[in-house]
Structure formats: C-alpha cells, structure tokens
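Data block below; observations after.
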Amino acid sequence: MALVVQKYGGTSVGSTERIKHVADRIISSVEQGNQVVTVVSAMGKTTDELVSLVGEVTAQPSKREMDMLLSTGEQVSISLLTMALQERGYRAVSLTGWQAGIQTEQAHGNARITGIDVERINSYLEDGMIVIVAGFQGVSEGEEITTLGRGGSDTTAVALAAAVSAERCDIFTDVTGVYTTDPRYVSKARKLASISYDEMLEMANLGAGVLHPRAVEFAKNHKVKLMVASSMVEEEGTVIEEEVSMEKDLVVRGIAFESDVTKVTVSGLPNDLATLPSLFTILSEHGINVDIIIQNETGKETTTISFSISDDIRQETVAVLEENKHRLHFEAVDCEQNLAKVSIVGSGMVSNPGVAARMFQLLAKEDVKVKMVSTSEIKVSTVIEEAVMVKAVEALHEEFQLAEEVLSI
Ligand code: ADP
Ligand code: ASP
Ligand code: MG
C-alpha cells in the first residue's frame, strides 16, 4: 500500500460540482490501494474575495486578523470535500492546519513551516481514514493561526509529504503540467515532461505561479517526488526531480515573467562606503523586499542607486526613504511604474556563454528596451515595459525554440 499526498488548488475545488469530482478522484486512488492525504486550497477566488472585504473595512489591517480571516477559506473546502467523501460511503476527516500539527514561525502572512507533528494524521491513516488537510495555514508557537503566503497550499502538501514519508506528492491544478512558459499567455507554450528542482525553483521565484517557491525548495531539500498535473484532464503531468534526463540539450528550459514591477531610483546619494549598507539596512528593517539593484556613480561626490520592487509596496518604500532622508542624505526618489520582469531559465546556461547576449540582441531587434538586468548561473532576468511583456516572452520562446521538443540521444 502506498501513501500519497495529493493537492487540489482553488479552481479545482471552485464549485460543489468540482469538489464532488475531487472526491471521486480521491476514491479512485483509494480503490487502487493507496492511503491518501489530500490538501486543498480555498474554493475558487475565495481568498481574493476575503482580501477585498478587508479593503472595505480598513486600509491597515493587522496581520494577525488577516490570517484569522484568510484561513477560513480553506476550512470551507476541507469540510465540503470531507462531506462529499462521507456521502459516497468513505470514512474521511478534515483537519485545519493546527489540527494537522503544522507548526510555523510567528510571521503572520508569510510564515515558514518549522515542523509537523504527524501523530494525529498517522492515527487516522492507521484507522483507514482519508485525511483532508487545509492548505496555506499553520499555528505558531504562541498558538496563533498563521498563513504561508499566497499560493502556499503547495507548500503544505509538500511539507506533509515529507513529514509522513509519502511515496509522492501530486499537485493537481488547472493546467496539465509545468509549461515552457505560462500557457494562458503564450499559446505556443509546451508542457515539459520533467524539470529539475533548481530550474523549477528559479521559475517559481521569477513569477511562474504554477508552484509556490517554498514547495519546490521543500521538495528539493527533503527529496520529495513531486508531480504537477491536471485535476480535470487525464494526462501525464510534469515530474520535478533532481536530474532531468530528457531534453538535456536545451539551454533554456523555460521563461518566467511577472508584471507590476516598479523601479525606484534614489539619486544624489553621497558616494561613500556607508551609502549602500545604510540604504539597504533601512529597507530591510522595514521588511521591504528588494529585487534587482543597480548602482551608478554620477560624479566624484554623488551616486545613484536604483532597485526594483513589487508595485504594491511602492508607497511604503517611498515613505520609508523620505522618513530617512536625514540619515541617507539623498536628493530625490523617483519611481518608474508599469514595468515587468522577464526571465529565461535553464541549467544548460552554465556551460553556454552568450545566452544573455542572444537574449539582449533579440529584445533589441524587437524594440524592447531593457531597463535592468540580473543574472545567475541558470537564469537571466530583464526588467522591461509591462506593455511589451507578452510580446517579449513570445519572441524569446521562439528564439530559444521552446515550442519544439529536443530529445537528447
Ligand atoms: P492552483 O489554484 O491550482 O494552485 P495556480 O493558479 O496557483 O493554481 O497555478 C496554476 C496557474 O499557473 C496556471 O493556470 C497558469 O496560468 C500559471 N502558470 C504560470 N507559469 C506557468 C508555467 N510555466 N506552466 C504552467 N502554468 C503556469
Ligand atoms: N488560498 C490561498 C491563496 O489563494 C492558498 C493557495 O491557494 O495555495 O493564495
Ligand atoms: Mg497555486
């Protein structure tokens, strides 16, 4: 008998019809002889709707109450799914994050899982029950409800799979696997048979929302066999694993992108050793997450530093800088909005010089101005105008021949 963890995302449990369909899928796995632990997200757009309710009440919600609210979404779907299983004559039990023993840091809204006490889950499994766990939530040492960050149910599933030593963790979603790029934007995107943990981690961190980055990190660190597949279509999914055997020759495996990027430029800073550490210490002390950083000496005395952030923290970032003007001694802060980050990812880049050059040449040919660049061994990221984001992704997809399958011999 194999123990498997399955996860179903928001769209997959978006209606009672879909919940009943998920119940049938779980039953089919049980009938094949598996023990099943299932993690579910909130129904459809529930979490977004809860967030927008907050906006009607306050502009500055407390993080504790946000978690209290957002964690209710998953409680609806676990109970309905469990009832659907019971209705079909199967013994099942739903568990919230804390009932499932999912311990996290205190950090409300973006807590990391620190450990899972699997005793309760194991005893239900030993008793032959199907266990349904609420994704995206846990409990802190201070017994407060926490959430794991948007998209965090994937991480619940992978962490549980590691904790109960499941044979594998299957993430069922609304696409049939991990594609070369988001298939909702690029019709020529191609489903990958497999992708390495490292490539998937970069893709997820760079905006490919199909998996929560921490889920991939967890899977890599705990060697969890991870698969992404459709909850609706019976089709082979994508395996995420250590070494990718097929398609070895591909230099670029995928393209990730994200919009709502803002470039912040702080000019007229003193050109001395203290500037860089002071600026970024102040930003980090306020929990401001900075992405790409560029520094330009503008003269002997002054320097300009630009960095990119997510647009939703623009106002807070500018306020923090203005509050600290007397410490940083800059002249001005400017924000350039409506930008996007487009990144090419592939472990084959390490041994292939010239990939970045090829990307820049292509973007220039397409009249796409690159405003910021950052590279690592397996990715090149560029910040460009949001208006040309999809055009750039499509052109890069073509340039690196991602629509075609390349098999290694
Ligand atoms: P779920 O609710 O099941 O967790 P998500 O919306 O979080 O689903 O993730 C699935 C979505 O991820 C897809 O609908 C797709 O638009 C998006 N996506 C982004 N990049 C990719 C990619 N490279 N491959 C597949 N899907 C992607
Ligand atoms: N319901 C949460 C969200 O919408 C968690 C998840 O779906 O993974 O972000
Ligand atoms: Mg998701």
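Hydrogens, waters and symmetry mates play no part in the numbers below; they use all other heavy atoms, side chains included. Counting starts at 1 for both ligands and their atoms, following the listed order.
The closest protein non-hydrogen atom to atom 4 (O) of ligand 2 is Arg150 NH2, 2.9 Å. Counting only heavy atoms of the protein, atom 7 (O) of ligand 2 lies nearest to Ser41 OG, 3.2 Å.
Defined by atom type and a distance below 3.5 Å, a donor-acceptor pair is missing between the side-chain atoms of Gln137 and Thr146. Using modelled atom types and a 3.5 Å distance limit, the side chains of Ser196 and Asp198 yield no donor-acceptor pair.
In this structure, Arg190 forms no cation-pi arrangement with Tyr179, as its terminal cationic atom is not both closer than 6.0 Å to the ring centre and no more than 45° off the ring axis.
The distance criterion of under 3.5 Å between nitrogen or oxygen atoms is met by Arg184 with respect to ligand 1. In terms of N/O distances under 3.5 Å, ligand 2 is approached by Ser153.
In Lys191, neither the side chain nor the backbone holds a heavy atom less than 4.0 Å from any atom of ligand 1. The residue Ile171 has no part lying near ligand 1, judged by heavy-atom distances below 4.0 Å. Counting heavy atoms under 4.0 Å from ligand 1, residue Val175 touches it through the side chain alone.
Residue Gly177 approaches ligand 1 through these ligand atoms, each under 4.0 Å from one of its heavy atoms: 24 (N), 25 (C). Set against the non-hydrogen atoms of Gly151, the atoms of ligand 2 under 4.0 Å away are 3 (C), 5 (C), 6 (C), 8 (O), 9 (O). Heavy-atom proximity to Val178, at under 4.0 Å, picks out these atoms of ligand 1: 24 (N).
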